[in-house]
There are 2 protein chains.
Amino acid sequence: MDTETLTKPVAAGRSDCPAERTLEFLSGKWRPMVIYWLMDGALRFNELQRRLGPITHRTLSKTLKEMEGAGLVMRKDYGEIPPRVEYSLTEKGRSLQPVLQAMEEWSRTHLD
Amino acid sequence: MDTETLTKPVAAGRSDCPAERTLEFLSGKWRPMVIYWLMDGALRFNELQRRLGPITHRTLSKTLKEMEGAGLVMRKDYGEIPPRVEYSLTEKGRSLQPVLQAMEEWSRTHLD
DNA sequence: CCGTATCCCCTTTGATACTG
DNA sequence: CAGTATCAAAGGGGATACGG
């Protein structure tokens with residue numbers, strides 16, 4: 001009996017690898033770093049930019065908006081002048097920690 | 001005392017997020033799927049292509065060569081005619097399973 | 001301080017045709 | 001069957017300038 005065909009869809013037009021869908025939330029040059037820096041709490045836009053180092057204003061803006069759309073990041077505008085906006089992780093964003101941790105573990109044990 | 005500045009590098013030009021380095025091994029449109037399908041054992045080139053669905057010959061070839069260079073995939077050429085080549089995961093490639101598993105778990109609990 | 005609009009480059013991917 | 005070469009298309013990201 002061919003157990004192989006029981007555990008995985010055979011020649012599926014779109015063989016859903018669940019890991020891949022998770023990856024979509026982490027793909028992009030800056031997303032993991034953004035999560036990393038927001039893991040401890042909220043940060044203002046410019047503060048976050050300083051932590052990230054060589055990221056452009058435009059790119060950070062775009063990245064944050066995408067992550068907000070993905071439900072990973074929350075934006076809080078204090079409506080002050082000069083502007084003051086804070087970004088933080090949503091529950092969903094924080095829930096990615098085990099994934100990032102698995103990745104850290106792997107980089108420790110298989111890289112360096 | 002500001003403990004925050006003790007746990008994370010402040011304004012590092014390249015604040016190393018270890019997870020990011022792992023991501024480099026998994027980034028790319030097809031890499032996770034290739035690992036997924038090779039996790040059970042070796043597959044021939046065309047067989048792998050069929051499983052992956054809509055991937056082009058050229059792209060699969062390139063992807064496999066990259067992953068071979070990264071030490072994730074092993075290529076075995078049987079030197080027969082017609083050609084017969086099998087691809088499989090290296091130990092390093094298989095070691096990524098916990099990472100993929102964490103991703104699967106997340107997609108199950110936070111997507112759908 | 002926070003954000004957007006334009007322009008440009010570079011990389012990745014796909015389509016297609018060809019080789020051993 | 002396995003792989004390469006060439007060309008074209010698409011998207012991500014950076015530089016810069018401008019607006020609220």
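Throughout, a chain's letter reflects where its sequence line sits, starting with A, and its residues are numbered from 1. Given the structure is predicted, the values throughout are model-derived calculations rather than measurements.
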For the pair made of [atom1] in [X] and [atom2] in [N], what is the distance, rounded to whole Å?
{"X": "B:R31", "N": "C:dT11", "atom1": "CZ", "atom2": "P", "result": "15 Å"}
{"X": "B:E86", "N": "D:dA2", "atom1": "CD", "atom2": "P", "result": "9 Å"}
{"X": "B:M33", "N": "C:dT13", "atom1": "CE", "atom2": "C1'", "result": "16 Å"}
{"X": "A:E68", "N": "C:dT4", "atom1": "CD", "atom2": "P", "result": "10 Å"}
{"X": "B:L64", "N": "D:dC1", "atom1": "CG", "atom2": "C1'", "result": "14 Å"}
{"X": "B:L60", "N": "D:dA2", "atom1": "CG", "atom2": "C1'", "result": "10 Å"}
{"X": "B:K65", "N": "D:dA2", "atom1": "NZ", "atom2": "C1'", "result": "11 Å"}
{"X": "B:E47", "N": "D:dA2", "atom1": "CD", "atom2": "C1'", "result": "14 Å"}

- Let me have a per-nucleotide readout for nucleotides 13-20 of chain D, 5' to 3', with B, S or -, counting only protein heavy atoms under 4.0 Å. BBB----B

- Rounded to the nearest 0.5 Å, how far does CD of A:E104 lie from CG of A:L111?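 Between A:L111 CG and A:E104 CD, I get 12.0 Å after rounding to 0.5 Å.
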
- Query: How many angstroms lie between atom CZ of A:R84 and atom CZ of A:R44, to the nearest 0.5 angstrom?
  - Reply: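 Taking CZ in A:R84 and CZ in A:R44, the distance rounds to 6.0 Å.
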
- Pairs where residues 44-65 of chain B contributes a residue and the test ring-ring contact (aromatic ring centres under 6.0 Å, His included) is met, not counting sequence neighbours: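 Counting only pairs at least two positions apart or across chains, the ring-ring contact (aromatic ring centres under 6.0 Å, His included) contacts touching residues 44-65 of chain B are B:F45-B:H57.
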
- If only side-chain N and O atoms of A:S61 are considered, is one of them under 4.0 Å from the OP1 or OP2 phosphate oxygen of C:dC2?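 For A:S61, the contact criterion (side-chain N or O under 4.0 Å from OP1 or OP2 of C:dC2) is not met.
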
- Message: Please compare B:P82 and A:D77 by the position of their nearest nucleotide in DNA chain C and report the one closer to 5'.
- Response: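 Per heavy-atom nearest nucleotide, the more 5' residue is A:D77.
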
- Apply side chain to side chain donor-acceptor pair (under 3.5 Å) to A:E105 and list each qualifying residue two or more places apart in sequence or on a separate chain.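 A:E105 satisfies side chain to side chain donor-acceptor pair (under 3.5 Å) with A:R108 once adjacent residues are dropped.
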
- Message: Tell me every residue that passes side chain to side chain donor-acceptor pair (under 3.5 Å) with B:E86, counting only those two or more places apart in sequence or in another chain.
- Response: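 Testing B:E86 for side chain to side chain donor-acceptor pair (under 3.5 Å), a comparison that skips the adjacent residues, returns B:Y78.
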
- Describe the nucleic acid contact of A:Y87 in one word from base, sugar-phosphate, nothing, applying a heavy-atom distance below 4.0 Å.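 Answer is sugar-phosphate: A:Y87 comes under 4.0 Å of backbone atoms only.
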
Name each donor-acceptor pair under 3.5 Å that joins a side chain in residues 58-74 of chain B to protein atoms two or more places apart or in another chain, with its distance.
residue: B:T59; atom: OG1; partner: B:T56; partner atom: OG1; Å: 2.8
residue: B:T63; atom: OG1; partner: B:T59; partner atom: O; Å: 2.7
residue: B:E66; atom: OE1; partner: B:R31; partner atom: NH2; Å: 3.2

- Who pairs with A:E24 by salt bridge (charged side-chain N to carboxylate O under 4.0 Å, His left out), at least two apart in sequence or on another chain?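 For A:E24 there are no salt bridge (charged side-chain N to carboxylate O under 4.0 Å, His left out) partners, ignoring immediate neighbours.
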
